[in-house]
Amino acid sequence: MEWPIYLDYAATTPMDPRVAAVLGQYLGQNGFFGNASSSTHVLGRAAARAVESAREHVAALLDADPREIVWTSGATEANNLALFGVMRACARKGRHLVTSQTEHKAVLDVCRRLEREGCAVTYLAPEPDGLIPPERVAAALRPDTVLASLMHVNNETGVVQDLAAIGAITRSRGILLHVDAAQSAGKLPLDLQTLPVDLLSLSAHKLYGPKGIGALYIRQRPNRVRLEPLLYGGGQERGLRAGTLPTHQIAAMGEAFRIAGENMVVEQARIRELRDRLWQGLAGLGEVELNGHPERNVAGILNVSFVGIAAEALLAAMPEIAVATGSACTSAGGEPSHVLRAMGRDPFQARGAVRFSLGRFTTVEEIDHAIAAVRAAVNRLRELSPLWELRRRGLDQRAVNWAAP
Ligand SMILES: *Cc1c(COP(=O)(O)O)cnc(C)c1O
């Protein structure tokens, strides 16, 4: 197999070698393999200490209290626990939830299920640039609204929502705010001492940790958020998430979050420079559209549509570059991205969207190589198309839709 240039960090990241080293210390016979609940012997107590130390690292990155962190199998489970947990615990207060059309499926599919259980859900539409205006959130709130769930950074476009403004509104109305921060933790400052956010979902594998581990932040002060658990069993995590704690995964996530907090600003500035270089290189092709917000974006994500080219054709023409069409989860389904459709892109534009996502190990050489590969492939595909020629000569300004599925 030819090793591709990896520009799909928003789907998952390779583990940082320092994280892998920590993970290896908690599995074997000579490691701290004990059950963190086995307080009767030294190996169990060592595992428990590792879990609590990791909890401190994760909490520190968010300026939260370690007691506000509950381990889950990832952001998907954290989203499920937050939404089902709150809607079930607050059923007597109200059964209305506000979210947006551009959420990850791990929120949208939970909302669909909640609707079948009798909850009402409002799905807010974004502006064409992907932002949800805070006034739109305010206007959707009802007397029976108990929860709003809005993501911080969108996984397809990198658009950053204004959590402070949205949280000020929900807080003033006594409504809980849940935030899916799988794409923003360790990339943007998240200070839960000041941000009016009540629940926040995290994933390790988007931040150079292992797959299969994440956490849910659950605010304890000034008011404790009440949740119904999804899993029942050994009473771990104060009864909120039963099951033997995966010490190796947890210790690794702690290390990944510790590293992320160490040099976030410098790392993000470097990645933003590479992303801008990529955008400059691609925009030079002409007829390249940015899907997202020109300023309110995270450093590592660039989502673009090449007019007249279906993303699948482009990806097939440059197998040496590992990128995504839309998001990894929807591209398997082959449907145009629900995020870009909600932002008003037509199905053809949405099908033309390619998501480049950069990260810790991306180099300037890789970016220059990727620019050259994309330019060559786009030019080749456009040359092959008689309709592109018509469009170029101004004979048919709308000869775009031939890029159809
Ligand atoms: C990746 C991702 C998830 C899912 O996280 P897992 O840890 O893989 O379950 C949820 N939400 C967003 C925004 C994501 O990017």
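Both counts, for ligands and for their atoms, begin at 1 and track the order of listing.
The two residues E237 and I69 make their nearest non-hydrogen contact at OE1-O, 3.9 Å.
The side chain to side chain contact (heavy atoms under 4.5 Å, CB included) test applied to Q193 returns D63, D191, not counting sequence neighbours. A search for side chain to side chain contact (heavy atoms under 4.5 Å, CB included) contacts involving I169 returns P134, A138, L141, not counting sequence neighbours.
H152 is not listed as a side-chain neighbour of L200, based on a closest heavy-atom distance of 4.5 Å or more.
A heavy-atom cutoff of 4.0 Å around ligand 1 is satisfied by the protein residues G74, A75, T76, H104, M151, N155, D180, A182, Q183, S203, H205, K206.
For the residue pair E289 / S305, no side-chain donor-acceptor distance below 3.5 Å is found, with atom types taken as modelled.
For residues 27-53, the pairs satisfying salt bridge (Lys or Arg N to Asp or Glu O under 4.0 Å) are E52-R55, with sequence neighbours left out.
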